[in-house]
Amino acid sequence: MDRAVTREPIWHKCSICHNATFEKLDQFQQHLFEVHSRKKDSQYFCEYNSNGNCFMWNGKNSNESDYKKHIVHDHAFRSIPCLTTYRKTSDSKRPTNEWNFYSASQSLATVLNDPRRPRSKDFFTKIWGDKFTDTCPISPPQHLPVIRPQHFQTYLKRIAKRHKKHVELEEKRDKQDYPAEVLQQFPNLRLSKSTDKVIYDLSEVPSIFLEPHFDLSKHETFFAVFPNIFLTSDTSTHVNVSTANIRISDKSIQEKLSHYLDTVEVKIAQQVSSKSEAFFHTMTSHDTLMEQIRQSIQLTKDLRCRIRQVDEKVVSKSMTILKNNTIILNHSNVIDKLKLMATVYHTQTTIQVLLSAADYVAALDLIYTTKDLLSKELSGVHCFRHLTSELNEIIKMIDALMAGEFERCSSADLNRPLVGTCTEVLEKDKLYSILMGMLRRKNWAFLEAYNKECVAAISAAIKKSVIDIVSNSDVDHQVNQSSSLESYLHCLTANEWLSMLEDCSYTLSLLLRRIKAGYIIMLHALNVSAKKLNCHNENTIDLEEPSFDSNLSEEDYFKVKSKLTNLLNSVTKYAVEKYAQLVTKRSSANFLNNAESEQVNGNTEQFNGDEESSNYCLSDQNQLLRLSDCIKQLSDSYVEVCSNQDIGFKILQTAMQSEANNFIKKFHTEKINKLQLLLDSENWRQKVVPSEFQHLVEYIQNTGQFSMPKLLSPKTSTKPAQMLMVNDESFAVVGTILLLIQMVTEYCTKADEINLAAQSLLRYVCDILREYNSRSYYLVLQAKAISNRTGLKKITCTNLVLSLRALQLLLWIMPFIQTHFSRFLDENQVSTIINRVKNDITKHIKDIQDKLHDIIKQIIMQQMSNWEAKPPIPSKSFQNICKHICKLHEAIASILPKTQIQYLYRQIHITFKEILHECINKMDNTNNDGPLRGIVSSELMFYIKSLESIDALPKDEMALQSMNDIWNENFSTNNVKKIQFLKGVTV
C-alpha cells in the first residue's frame, strides 16, 4: 500500500462570495486579485479568508506575479491524501515510481533557508522521509485544454484498418522462404525461422584473425597465432635461434584452424543466404549494366568529338568577334570615364561662373549631380577623395549667399519709395531664382526673413508719414528725431492727424499690394518645386521653370504653404493693427488729458480744457467722414490682399467704431449739457411752434425718417402756430420739448451717416430722453423749478398739463425712433431698450395724472369735511368744489384733448361720489326719503349743472339718476372697481 497526494480543484466557486462561480482558473484568479486583495506601498496583501486575512501569505517584497502564484498554489487546489493498493508481484511488475533518495524535491539547506516559510519550533521533531517537506505540485496549464482518451477515438477508428494490414504484411514478410538452390547448398538455413533474426556469434574465432591488418609475417602476429612454439637448447644461458630444436604439435593446430575456417564459412553462407535475393539479382543484371556502360562511353566519345568540331568551325571565330567587341566597349567606357573625370575636375570653376550669374538653382543642381557621380560612378577615385567635403562647404557658402541676397532683394523691393501705383517686385527673376534654390535646399528661413522685412517696412512707412506731416506743419512742434511715435501723434492737430492717416492709408495699401506680389512669387516657386503648378491658378506668373527635378515632398509642400499663408495673414494683420493704433492712441491721449483737467480744475474748467484740447479731437462730422474714407481705403486693400481673412477688417472697423463713439460721446455730452441748461431755465409755459418744427414733425409722420432734405424745408418763414399738430391732434408744448425733438432728429440723422455708431447713438438717444424725463419730474412734480431764474412762484395745473403733453409727444415719436434704429441693429435689442424708456415715461405720465387728481381730491375732502345737510342750498362747500372744478377745466381745456379731460373728470366724479357717500354714512340716515335725501339731491343738482356748464363729462354720466348709487351700502366696493378700471385705460 502506497501513500499518495492528489490535488482537488476548488476554484470553481468562491468560498466568500457564494454567488460567484467560474468556468476557468484564470477567472477565479482575476476575481481574487480584484476583490480579495489589497495593495499598499506597491505590496499586495491577500484577504481571501473568513476573517479577511490569509495566514498562508506573506506579503513582504511581493509583486503582482508572486501574488497570482500564491492564488494558484494555496487557494485554487486542495490536497487530499489517499492510499493506493497493489498486489504483490514480481520485481518486473512492481511500480517503478517508488520514492527513493533521488526523488527528493528539496534539500535540507533549501528548506532551512526558505524565507517564505515560518521557523517552527518543532522543526527537527519531524520524521525524516518523503513527507518531510510539503510537495509543491505543478498546477495544470491554464491555457491548454484537457486532453482525454475520447479525443483519440476518431483517429484510432480511422487508423485501425491500416494498422491491421501493416501487421499482416510484416508477419508475411517474416515467414518468407529461401530459394530452393540456396537451401540445397545451405541446409542449416531451414532451422531458422527468420533470416533477420540470425545472430552471428564469432566468439569461438580469436579476434586476431578478424583484424583488418592481420599479417603472419610480423613477429608478434606469428607468435600470437602459434603460442605453443617453444625454444630448447643444450645450454641454459645462451640460446641460438638458428640451431634451436623446435617442437610443434601439428595435429592440434591443424584441427583448431580447420574449426575456425568451418565456423567462418558457415557464417558467410548464412550471410549470403540472408542477402541471396539481392545477390542473385545483382549477378543477373551485371552483364546488362556492363553493356550499357560500354555504350554510354562510346556515345560520350562521339559527342565530345562533335563538340570539338563545332568549337573549331563555328564557335571560336564568333567568340573572337565578341571578345574584340567587349574590348572596344571597355575602351569606350574608359574614355567616357576619363571625360567624366575631366568634367568633374572643372566642377568648381563652373560653380563659380553660375554663382556670379546668380543662377543658384543650376549651381546646386551641378553640386548634387557631382556628388551623386562621386558616390556611384567615380567611387574610389583617389584624386577626388576631398572633392565631396569641398562641395559640402560650397553648399554652406551658397546657403549663406542666398540668405543674404534674399534679404537684400526683399528689402530693396519693400523699402523703395511708395509712390505711384506700381506693385511689381523688383528683380523678380533673381528673387525667384533665390527662392527656387532655397526650396531645393529645403531651407525655410526665407519665410522668417521676409516677415522681418515686411514688419520693418510697415513700421518705417508709418513713421515716415508721421514725420513728413510734422515737418510740413506750420505749427512749431517741439519734437526731435529721438522722440517716440506717440510724441509725434500728440502734437498733431486734428487736420494734420487726418492728413497723416490719409497718407498712411495710401502707403500701407500700396505696401500691402507689394507684399502680396512677393507672396505670389514665393507661392509660385513653391508650386513649381512641388509640381503643383496649375495654369488656372490665379497666383500663377510667367517665370522660367527650373531644369532640375524637384524633390519637395507632399508633406513639406503643405507645411511651407501653411507657413506662407500665415506669413501673409500675420503681416497684413500687423499693418492694420499699427494703423488702428494710430487712430486709437490719439483718442486715448485725449481722454487722459480730459480726465486730468477734470480732476485738477473741476467741472467748470473742464469746458476750457476741452477748448484747449480741441486740436486733439475731431471738430465736426466731416472730419469723421474723412477718417471713415481712410479706413475704408485700407480695408479694401486688406480684403484684396487677404480675401479669406476678416480679422484685419474687424480691427479697422473696431478702430473706426471707437473713434466714432468718441465723436458721438462728445456730441452727446454737448446735447446733454444743452438740455440741462434748457430745463433749468424752462418756465413751463406754453410756447408758439415755429413752422420748421411743424414741417419736421409732419415729415417724420409721413416718411418715418428723420433726415429731412433741404429741398423740402420751407423757403419762406410762416407765422408760428399756437399748437403742434400731430395726427390731427393738437399739442400745447413748452420750448424745451421742441428743442428735444430737434436733438432726437440729430441723433437719428447721425445714425444714418455713421452706421458704426448706431449702437452708441441708440443708447445716447435713450439717455437724453431719460434725462428729460427724470429732470422734468424733478422740476415739475417735485416743484424744484420754482426759482427766480424761471420766474415761477408755484407749480400750477397748467404747468403739470404742459409737462404731461410734452411726455405724450415723446411717446408719439418713440415708435419712429425704434423703426429707424431697427434698420441698423437687431430689432429685439432695439425694442428692449426703447420699451424701458417708454415704461419710465408712461409711469411719469401716470404720476402727473394722479397729481392732478390728488389736487382736486384734497379740495373736495377739505370742503366736505365742513359740509352739513341743511339749508342754505347750495351750501358753501358745494359752491367751492364746483368753483375749483371749473377753474381746473379752464386751466387744462386748451391743452388736453377732450378724451383725456373726460378721463380726468371721470376720476374726479367718482372720487366726489365716494367722499359724499362717506359723509352721508356718517349722518343719521334712518329714512332715505326724508329731508336728508331732499337736501342732498338739491346739492347734487347744483353740482351736475356746474359740470354741464363746462361739458367735462357725457350727459348720461351727469344725470341725477346716476347719483343714486351713493345711497347703496356697497357703493365703496363698486367705486374701487371703477377707479381700477380707469387706471388701466391707456391714455
Side-chain angles (χ1 to χ4, degrees), residues 358 360-361 397-468 485 503-529 539 541 543 559-582 634 637-638 640-642 645 647-648 651:
Y360 302 102
V361 179
M397 183 267 294
I398 292 176
D399 287 341
L401 187 62
M402 288 191 299
E405 286 294 318
F406 179 81
E407 291 181 2
R408 188 193 65 79
C409 291
S410 58
S411 178
D413 176 60
L414 296 176
N415 294 321
R416 57 180 165 151
L418 296 168
V419 293
T421 59
C422 180
T423 58
E424 291 290 333
V425 178
L426 292 178
E427 300 178 336
K428 64 178 181 179
D429 293 331
K430 185 176 182 179
L431 181 63
Y432 176 73
S433 177
I434 295 172
L435 288 170
M436 294 302 298
M438 299 184 80
L439 290 172
R440 177 69 186 272
R441 287 286 300 144
K442 295 185 178 180
N443 183 7
W444 324 134
F446 67 90
L447 296 171
E448 184 177 357
Y450 197 73
N451 189 11
K452 291 181 180 179
E453 292 296 333
C454 292
V455 170
I458 291 170
S459 301
I462 292 175
K463 191 168 185 179
K464 181 178 180 302
S465 298
V466 177
I467 294 175
D468 290 344
L485 185 62
D503 186 51
C504 284
S505 177
Y506 172 76
T507 55
L508 288 179
S509 298
L510 185 59
L511 186 58
L512 288 179
R513 292 187 179 93
R514 290 182 181 178
I515 292 173
K516 180 63 178 293
Y519 163 80
I520 291 175
I521 291 180
M522 288 186 282
L523 184 61
H524 178 75
L526 179 63
N527 292 331
V528 171
S529 299
N539 294 327
I541 55 179
L543 290 172
K559 178 181 178 182
V560 177
K561 186 176 181 181
S562 176
K563 289 184 177 181
L564 193 57
T565 304
N566 293 336
L567 166 66
L568 181 64
N569 295 336
S570 62
V571 169
T572 51
K573 180 183 177 183
Y574 176 78
V576 297
E577 284 179 347
K578 294 292 289 184
Y579 190 83
Q581 288 177 4
L582 293 178
L634 186 58
S637 300
Y638 175 82
E640 179 184 350
V641 173
C642 295
Q645 295 289 329
I647 183 171
I651 292 173

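Everything numeric in this text was worked out from a predicted model, so none of it was measured. Values reported hereafter were calculated over all heavy atoms of this structure, with side chains retained and with hydrogens, waters and symmetry mates removed.
Evaluation of the side chain to side chain donor-acceptor pair (under 3.5 Å) rule for Lys464 yields Asp468 as partners, not counting sequence neighbours. Contacts of Arg513 classified as salt bridge (charged side-chain N to carboxylate O under 4.0 Å, His left out), with partners at least two apart in sequence or in another chain: Glu640. Judged as a salt bridge (charged side-chain N to carboxylate O under 4.0 Å, His left out), and not counting sequence neighbours, the contacts of Lys452 are Glu448. Residues forming a side-chain contact (heavy atoms from CB on, under 4.5 Å) with Ala457 (at least two apart in sequence, or on another chain): Leu414, Asn415, Leu511. Considering only residues two or more places apart in sequence or on other chains, Arg408 meets the side-chain contact (heavy atoms from CB on, under 4.5 Å) condition with Glu405, Glu427, Lys430. The side-chain contact (heavy atoms from CB on, under 4.5 Å) check on Ser505 picks up Ser509, Tyr579, Cys630, Gln633, Leu634, with sequence neighbours excluded. Listed by chain and residue number, Val455, Leu567, Ser570, Val571 satisfy the side-chain contact (heavy atoms from CB on, under 4.5 Å) test with Asn451 (two or more places apart in sequence, or in another chain). Looking at residues two or more places apart in sequence or on another chain, you find no salt bridge (charged side-chain N to carboxylate O under 4.0 Å, His left out) involving Glu407. Partners of Lys559 by salt bridge (charged side-chain N to carboxylate O under 4.0 Å, His left out), not counting sequence neighbours: none found. Residues meeting the side chain to side chain donor-acceptor pair (under 3.5 Å) test with Ser465, sequence neighbours left out: Asp503. Thr565 is linked by a side chain to side chain donor-acceptor pair (under 3.5 Å) to nothing, counting only residues two or more places apart in sequence or in another chain.
The only member of Leu526, Leu431, Val528 that meets side-chain contact (heavy atoms from CB on, under 4.5 Å) when paired with Met436 is Val528.
Aromatic ring pairs are classed by plane angle as parallel below 30°, tilted from 30° to 60° and perpendicular above 60°; the pair Tyr450 and Phe406 is tilted.
Taken from CG in Asn527 to CG in Leu523, the straight-line distance is 4.5 Å, to the nearest 0.5 Å. Here Arg514 contributes atom CZ and Thr507 contributes atom OG1; the two are 10.0 Å apart, rounded to the nearest 0.5 Å. Here the SG-NZ distance, from Cys642 to Lys516, works out to 7.0 Å after rounding to the nearest 0.5 Å. In this structure, the separation between CE on Met522 and OG on Ser410 is 8.5 Å, given to the nearest 0.5 Å. Of the inter-residue distances, the one linking Arg440 atom CZ with Met402 atom CE reads 10.5 Å to the nearest 0.5 angstrom.
Of all heavy-atom pairs spanning Leu435 and Ala525, the tightest one is CB-CB, 4.0 Å. Across every non-hydrogen atom of Tyr574 and Ser459, the tightest pair is OH-OG, 2.8 Å.
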Stepwise, does the side chain to side chain contact (heavy atoms under 4.5 Å, CB included) test hold for Asp429 with Ser433? CA-CA 6 Å; Asp429 293 331; Ser433 177; over 6 Å; no
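Contact annotation: the side chain of Ile434 never approaches that of Phe446 to less than 4.5 Å [non-hydrogen atoms, C-beta and beyond]. A 4.5 Å side-chain heavy-atom check between Leu447 and Leu564 finds at least one atom pair inside the cut-off.
For the pair Asp413 (side chain) and Cys409 (backbone), a donor-acceptor distance under 3.5 Å is absent. When atom types are taken as modelled, the side chain of Thr572 and the backbone of Leu568 share a donor-acceptor pair closer than 3.5 angstrom.
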